[in-house]
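What follows is a single structure, written as structure tokens, with notes after it.
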Protein chains: 2
Amino acid sequence: MSVGIRHDDLRRRNRAMVISAVRRAGQPSRTEIAATTGLSHSTISAISADLIQEGILTESKASEPTALKRGRPQIGLALNPEAAAVLTVVLSLNFLSVAVIDYAGQVIAEEQRRLDTLVMPRDELIGECLAIVRRRLQDPDLDVSSVARIAMGIQGITDSHSRAMLWSPITPLTDIPFADILEREFGIPATMENDCNMMAVALRWRDPERYRDNFIAILLSHGIGMGLVLKGELFTGTHSSGGEFGHMIHRPGGALCRCGRRGCVEAYAGNYAIWRSAMGISEDAAPTDVGDADMRALAAKARQEEGPEREAYRRAGEALGFGLGSLFALIDPAPVAMVGVSAAAFDLIEPALREAIAQTAGGQHSNSISFDTEPNELPLIREGCAMRALTFVDQEIFAPGMQARAGKHVA
Amino acid sequence: MSVGIRHDDLRRRNRAMVISAVRRAGQPSRTEIAATTGLSHSTISAISADLIQEGILTESKASEPTALKRGRPQIGLALNPEAAAVLTVVLSLNFLSVAVIDYAGQVIAEEQRRLDTLVMPRDELIGECLAIVRRRLQDPDLDVSSVARIAMGIQGITDSHSRAMLWSPITPLTDIPFADILEREFGIPATMENDCNMMAVALRWRDPERYRDNFIAILLSHGIGMGLVLKGELFTGTHSSGGEFGHMIHRPGGALCRCGRRGCVEAYAGNYAIWRSAMGISEDAAPTDVGDADMRALAAKARQEEGPEREAYRRAGEALGFGLGSLFALIDPAPVAMVGVSAAAFDLIEPALREAIAQTAGGQHSNSISFDTEPNELPLIREGCAMRALTFVDQEIFAPGMQARAGKHVA
DNA sequence: AGGCTTTTTTTCGAGCCTCAAAAAAATAGT
DNA sequence: ACTATTTTTTTGAGGCTCGAAAAAAAGCCT
């Protein structure tokens with residue numbers, strides 16, 4: 001149950017605190033770190049001396065030559081890019097991409113591949129993932145021993161411990177324990193993350209002003225996904241990655257959803273649903289894959305003139321609006337980021353969405369709810385995976401007492 | 001933002017740990033506490049010596065004469081009932097009740113009053129609350145200075161900091177800062193809690209086996225409310241008490257809800273909605289108050305024979321089922337407690353509820369979702385308020401270093 | 001140039017806290 | 001009465017953080 005704080009935890013946590021302050025701030029001086037963490041100067045000094053000695057941080061002279069102030073100039077502290085590296089693997093529909101990222105967060109290598117995820121047998125899909133990772137790890141420029149973590153992101157449902165893919169729209173396969181598979185193969189700790197959760201993580205790093213403690217990232221693509229940050233914490237279900245916004249019920253017994261059930265939000269707002277509706281296909285028809293180009297053409301048509309295309313987006317907006325309204329009834333309104341190809345058509349969606357949300361309990365302050373759009377989800381997912389892996393390393397490097405990861409080894 | 005751990009926090013937190021272990025376990029020995037907190041025996045010994053000396057804990061000889069084990073017998077530690085007292089105030093429809101509770105959780109005095117909450121003007125409503133509290137505090141048997149906290153519970157929406165009632169079905173008044181009012185009047189720290197959240201708190205204390213880390217308490221009464229515990233934490237909205245399950249949208253544009261909007265779950269499952277439907281009154285008709293006795297009669301009629309009454313409960317079950325399904329899509333399934341007068345009619349609700357939930361994403365393991373019922377909400381709310389107040393005191397008594405609250409004062 | 005200010009960083013002693021091990025206490029069994 | 005066993009308390013050592021003071025590294029001023 002609840003566990004007391006041991007004395008040795010103290011240093012461990014405060015080290016984590018310092019590292020995270022540096023990662024957030026970029027090049028803070030010791031004084032700045034003391035201010036943000038609330039710890040004393042002497043503690044910061046001691047901890048940062050340790051971290052520098054262990055090769056985790058480096059002193060980088062000029063924080064900025066701006067504002068030539070009096071007094072001893074501050075010495076900026078930065079993450080040592082060579083302290084470690086992490087690997088991100090993003091698996092999406094017919095597409096696999098891998099990147100190697102240094103400890104400071106810079107991409108130092110990447111590789112991408114097309115493959116037919118929908119029809120690949122289990123062994124082949126896993127094999128492709130392992131192969132692309134292996135190729136990156138064999139890169140002679142890379143010190144394999146420095147790779148401290150692999151974060152894999154996938155469209156679909158993962159378990160709440162970020163170990164396995166439970167279900168995904170990109171393959172008929174289910175329950176693939178990718179984290180275990182990667183760990184067994186390469187001996188590097190790994191996690192399996194939900195794509196929308198990673199989008200949320202990335203948004204917070206990209207724009208901490210707007211996306212701080214409470215916000216929602218919604219993926220408007222073939223399916224509808226959501227990443228939710230509440231009170232500064234990534235929200236996950238109790239068993240799975242949770243946040244299956246797309247499968248909240250919009251109309252009981254309504255349109256057929258890709259998940260096989262009826263009336264889900266996604267069955268009105270997913271790409272296939274918009275397409276189905278615009279083309280006058282029955283709501284009972286099985287979902288079909290619609291390419292991004294087709295969706296863009298559809299949006300263009302809808303913008304051009306009134307007609308079934310525009311009406312389809314309107315219905316999508318309505319479903320999203322009522323869904324958001326129900327969500328807001330539970331968690332209160334928060335800023336929303338719309339991501340994915342249909343986010344580029346948000347102008348077509350927004351009016352109906354706002355109208356719907358205004359009819360719900362969550363829409364009380366309907367006009368204060370703000371939306372932002374980002375048409376391209378893949379870079380976000382990769383960034384999120386990278387930050388996930390890096391912050392894990394931040395809290396791993398210091399954890400087991402004094403185990404040095406880079407630089408000279410330590411007493 | 002994130003703040004480092006100061007050295008002095010350590011003792012503070014571990015004291016809290018020990019107190020909370022005693023509150024949970026009843027009469028644990030020092031050894032047991034050491035085991036549950038993970039702290040060393042010497043630390044527990046030191047802390048409990050302090051707490052006993054300060055009059056917060058007492059040694060109570062026989063933990064139990066059961067299992068006469070070898071060795072030095074354990075000495076049970078218990079909360080000293082006289083260490084402090086708290087006051088609970090529960091305001092519900094036409095009813096106000098107050099209780100004084102000792103530090104060990106026993107009710108030592110109470111008082112109840114009927115009043116017309118729906119028509120009382122602001123000053124009068126506040127005045128009644130203050131008056132009843134004042135009477136209790138003037139009780140000559142009570143040492144006023146020992147009253148360390150007031151927790152007030154109310155049906156309706158409170159702010160996320162538990163300071164004010166924002167909106168409530170029991171009065172047309174809004175935005176009453178009860179916590180501030182009580183604090184100003186009596187100089188005792190106070191909070192204003194949402195009733196369903198308190199139900200959840202109470203359920204966890206009553207049955208920690210079943211209601212531990214993830215569960216849902218749903219109030220089926222005039223309105224529909226929810227208290228949610230996720231990952232061991234009481235879930236609240238970002239601004240308000242949140243968890244307005246009753247105002248998730250069941251049917252866009254559907255039946256008229258008490259909140260003035262349309263299609264909310266409550267507009268199908270609240271007492272007034274069941275009544276309206278059973279009586280063949282239009283869904284557009286304004287909600288009316290239905291007495292508990294009438295509801296019990298309605299349920300009896302529905303059990304007796306097929307007819308509009310039974311159908312009304314069926315529709316309520318459907319609304320609750322789809323609502324729960326949407327909720328479970330977000331948070332994954334969890335045990336549910338149904339509380340309130342209509343929980344006594346859960347037999348009429350359950351079949352349709354389960355049928356509906358099975359049609360949703362959250363219903364994947366529909367049969368593993370378990371329901372429990374508890375017809376009487378008031379005792380639960382009071383218990384929850386009491387535990388809320390007491391655990392606050394637990395974390396207040398030790399906080400400012402060594403400020404003694406009871407017993408001899410301390411160096 | 002040289003001394004003075006200002007600001008940052010390091011150093012040092014003090015005070016706590018926790019831990020592990022040893023000692024003390026209390027009881028059951030022999 | 002004595003030993004074994006278990007729980008509780010005591011004691012000494014080691015660490016951590018803090019505050020104050022010292023040291024360091026500039027720019028400013030005469």
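Letters A, B, ... are given to chains in the order of the sequence lines, protein chains preceding strands, and every chain is numbered from 1. Just so it is clear, the structure is predicted and the values come from calculations on it, not from any experiment.
Nearest nucleotide to the side chain of A/T43, out of C/dT10, D/dC18, D/dT8: D/dC18. Of the candidate nucleotides C/dT9, D/dT9, C/dT18, C/dT18 has the atom nearest to the side chain of B/L10. Here C/dT10 is the nucleotide among D/dC18, C/dT10, C/dA20 with the atom lying nearest to any side-chain atom of A/H41.
Put simply, CG on B/D9 is 13 Å from C1' on D/dC16, counting in whole angstrom units. Taking atom CD of residue B/Q53 and atom C1' of nucleotide D/dT9, one finds them 16 Å apart after rounding to whole Å. Going from atom CZ of B/R12 over to atom P of C/dC16 covers 17 Å, rounded to whole Å. Following rounding to the nearest Å, A/R15 (CZ) and D/dC16 (P) show an atom-to-atom distance of 10 Å. Spacing between atom CD of A/Q74 and atom C1' of C/dT9 amounts to 11 Å, rounded to whole angstrom units. C/dT7 atom P lies 19 Å from atom CZ of A/R30, rounded to whole Å. The separation between A/I44 atom CD1 and C/dT11 atom C1' is 16 Å, rounded to whole Å. Going from atom CD of B/E59 over to atom C1' of D/dT7 covers 12 Å, rounded to whole Å.
Scanning for side-chain contact (heavy atoms from CB on, under 4.5 Å) contacts around B/H239 gives A/D332, with sequence neighbours left out. A/F186 is linked by a ring pair (Phe, Tyr, Trp, His ring centres under 6.0 Å) to nothing, counting only residues two or more places apart in sequence or in another chain.
For the pair B/L77/B/Q27, no side-chain contact is recorded, criterion being any heavy-atom separation below 4.5 Å from C-beta on.
When all heavy atoms are compared, the tightest approach of A/A78 to A/S60 is CB-OG, 4.3 Å.
OP1 and OP2 of C/dT10 both lie 4.0 Å or more from every side-chain N or O belonging to A/R72. Contact annotation: A/N14 reaches the phosphate of D/dT17 (side-chain N/O to OP1 or OP2, under 4.0 Å). Remark: A/R11 is not in phosphate contact with D/dG15, judged by side-chain N or O atoms under 4.0 Å from OP1 or OP2. Listed pair B/T31 / D/dT6 fails the phosphate criterion, with no side-chain N or O lying under 4.0 Å from OP1 or OP2. For the pair A/S45 and C/dT10, the criterion of a side-chain N or O lying under 4.0 Å from OP1 or OP2 is met.
Under the salt bridge (Lys or Arg N to Asp or Glu O under 4.0 Å) test applied with A/E193, the options A/R388, A/R163, A/R149 reduce to a single match, A/R388.
Taking only distance into account, the side chain of B/S42 never meets the base of C/dA21 through a donor-acceptor pair shorter than 3.5 Å.
Comparing A/I47 and B/S48 by the nucleotide of DNA chain D that holds the closest heavy atom to each, the one mapping nearer the 5' end is B/S48.
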